Amino acid sequence: MRKGTKRKAKQQQEAKQDAAEENKTKPQPRAKRAKTSKPQSEPEYFEDKRNLEDLWKETFPVGTEWDQLDSVYQFKWDFSNLEKAFEEGGVLYEKKVYLFGCTEPQLVMFKGESKVVCIPVVVAVVSPFPPSDKIGINSVQREAEEIIPMKQMKMDWVPYIPLEDRDSQVDKLKSQIFILSCNQRRSALKHLKLDRLKKYEYCLPYFYQPFKEDELEQSTEVPIIFPAEPKPVFCEFDWELDELEEFTDKLVEDEELSEDQKDAFKEFVKEKVREAKRANREAREARKKAIEEMSEETKSAFETMRFYKFYPVQSPDAPDVSNVKSPFINRYYGKAHEVL
């Protein structure tokens, strides 16, 4: 045998021995576990959402304190009566409707406990055009009522899109339902001045009704806030029923006003009475002019405008409010045509 062949055989033998040693040090592969089939779980069923189920939640609750907003939604309120009103035979069926929300704090019973709850209420206005573009701000703390554009409070009427239409192009939909929306971000509230923040708590949509004389025009009472010392005098003076001299003497007698402030107080009251009479007169004239310049179509719209007030219906998940329903909405539009 040649030396080269002998050497090659020896190298092959050594390589086999090295491979055998290496296999001894390698960990043996684990046996594969037999796969076990998972037990099939019962299929879950979710109740289909109703087409207008979130309508009441989408309407901004005007005049509600910001720190109370979350409490409005602590219960699962049922507004199926509002939804049914849009169905065939309902009072809102196939009508153009503008909706806004508000809240009414009431003492109610729930699960055997008596508590004050912010009850959500929805007001529906049947009208061919937006019933208002203004907000009225009024409270007992304010000396005078303020009427401002809605957009100044970041509010506006926007189309409501029913659930079944939310995959459609909004601009192609002919919405018949509009809701009052507010795009004021709650995260930015801490940057607002206190006076502007408080305005949100005292505001309600202002509905101008030219065919109905405003109750302020009929009133002969004037709110008086006289800057006296050591504290202001708060009272109401009726220019038809009160005699100014006797009225002033009574305040002095009750120690609400000092003797040396009598004359200044009487002049202050006279000026406030003149201002009130002038405002009433101007309002009557403005209303008369508006009616004269109004088209027949607009007159008909105002005369056929209807208001409906919806409370949540009784359900096991929320307090029963059937005993606290109020037929009156507010002084801007008086009594609702129907409370549901």
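Heavy atoms only: backbone and side chains are in, while hydrogens, waters and symmetry mates are out. Remember, predicted model here, so these are calculated numbers, not experimental data.
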**Study point:** Parallel, tilted or perpendicular: ring planes of Y98 versus F178, cut at 30 and 60 degrees
**Key:** parallel
Are K272 and F237 packed together at the side-chain level, in the sense that at least one heavy-atom pair is separated by less than 4.5 angstrom? no
Looking at E296 and K299, does any basic side-chain N land under 4.0 Å from a carboxylate oxygen? yes
Please determine if K262 and D249 form a salt bridge, counting it only when a charged side-chain N lies under 4.0 Å from a carboxylate O. yes
To the nearest 0.5 Å, atom CD1 of I135 lies from atom CD of Q152 at 10.5 Å
Output for pair (S322 OG, Q314 CD), nearest 0.5 Å, gives 5.5 Å
Assess, by modelled atom type and distance only, whether the side chains of D260 and S258 contain a donor and an acceptor separated by less than 3.5 Å. yes
Task: N-O pairing of E267 and K270 below 4.0 Å - done: yes
Minimal heavy-atom distance between A124 and V97, with the atoms involved, is CB-CG1, 3.8 Å
Check your understanding: Under a 4.5 Å side-chain heavy-atom rule over Ile, Leu, Val, Met, Phe, Trp and Tyr, are V158 and V126 clustered together?
Key -> yes
Open item on the list: With a 6.0 Å cut-off (strictly less than), is the heavy-atom count around NZ of K289, excluding the residue itself, greater than 12?
Closed with: no
If we only count heavy atoms from C-beta on, is the L55 to E83 side-chain gap below 4.5 Å? no
Q | Any V269 side-chain heavy atom under 4.5 Å of F247 side chain | A | no
Tell me, do L180 and T59 make a side-chain contact under 4.5 Å, heavy atoms counted? no
Same apolar cluster (I L V M F W Y, side chains within < 4.5 Å links), Y160/Y93
no
Rounded to the nearest 0.5 Å, the CG atom of D263 sits from the CZ atom of F268 at a distance of 15.0 Å
Query raised in the report: Would a hydrophobic clustering, with Ile, Leu, Val, Met, Phe, Trp and Tyr connected at side-chain separations under 4.5 Å, put F110 with V117?
Result: yes
Of all heavy-atom pairs linking I147 and G136, the shortest is CD1-CA, 3.8 Å
Flag if over 12 foreign heavy atoms under 6.0 Å of CD, E303: yes
- prompt: Heavy-atom distance under 4.5 Å between the side chains of I148 and I137, does that happen here?
  reply: yes
Exercise for the section: Flag the pair M150 / W157 as yes when at least one side-chain heavy-atom distance between them is below 4.5 Å, and no otherwise. Expected result: yes
Electrostatic pair E104:K325 at N-O distance under 4.0 angstrom: no
Heavy atoms of S295 and T298 approach each other most closely as OG-OG1, 2.9 Å
In terms of heavy-atom contacts, C182 and M155 come closest through CB-CG, 4.0 Å
Inset, instruction - Would you check, one step at a time, whether the test side chain to side chain contact (heavy atoms under 4.5 Å, CB included) holds for F307 with M305? - result: CA-CA 7 Å; F307 294 85; M305 193 177 290; 4.0 Å; yes
Rounded to the nearest 0.5 angstrom, the CZ-SG distance for F226 and C235 is 10.0 Å
message = Take a 6.0 Å sphere around CD of E297 and say whether it holds more than 12 heavy atoms from other residues, nucleotides or ligands.
response = no
Which of F79, Y311, F100 passes ring-ring contact (aromatic ring centres under 6.0 Å, His included) with W56? It is F79
So CD of E221 and CD of E240: to nearest 0.5 Å the spacing works out to 10.5 Å
Smallest heavy-atom separation, N81 atom then D78 atom, equals OD1-O, 4.2 Å
Do the rings of F310 and Y308 sit parallel, tilted or perpendicular, given the 30° and 60° boundaries? tilted
Could you check whether K250 pairs with E256 (Lys NZ or Arg NE/NH1/NH2 to Asp/Glu carboxylate O, under 4.0 Å)?
no
Heavy-atom nearest pair, P120 first then T103, reads CA-CG2, 4.3 Å
Problem - Any donor-acceptor pair under 3.5 Å from E243 side chain to E246 backbone - result: yes
F129 reachable from V125 in the ILVMFWY side-chain graph, under 4.5 Å edges: yes
| message | Hydrophobic clustering (ILVMFWY, side-chain heavy atoms < 4.5 Å, transitive) - are M109 and V313 grouped together? | response | no
Just by distance, do the side chain of W77 and the backbone of K57 share a donor-acceptor pair under 3.5 Å?
-> no
Output for pair (L244 CG, F265 CZ), nearest 0.5 Å, gives 7.0 Å
Side chains of T248 and L257: closer than 4.5 Å at any heavy-atom pair?
-> yes
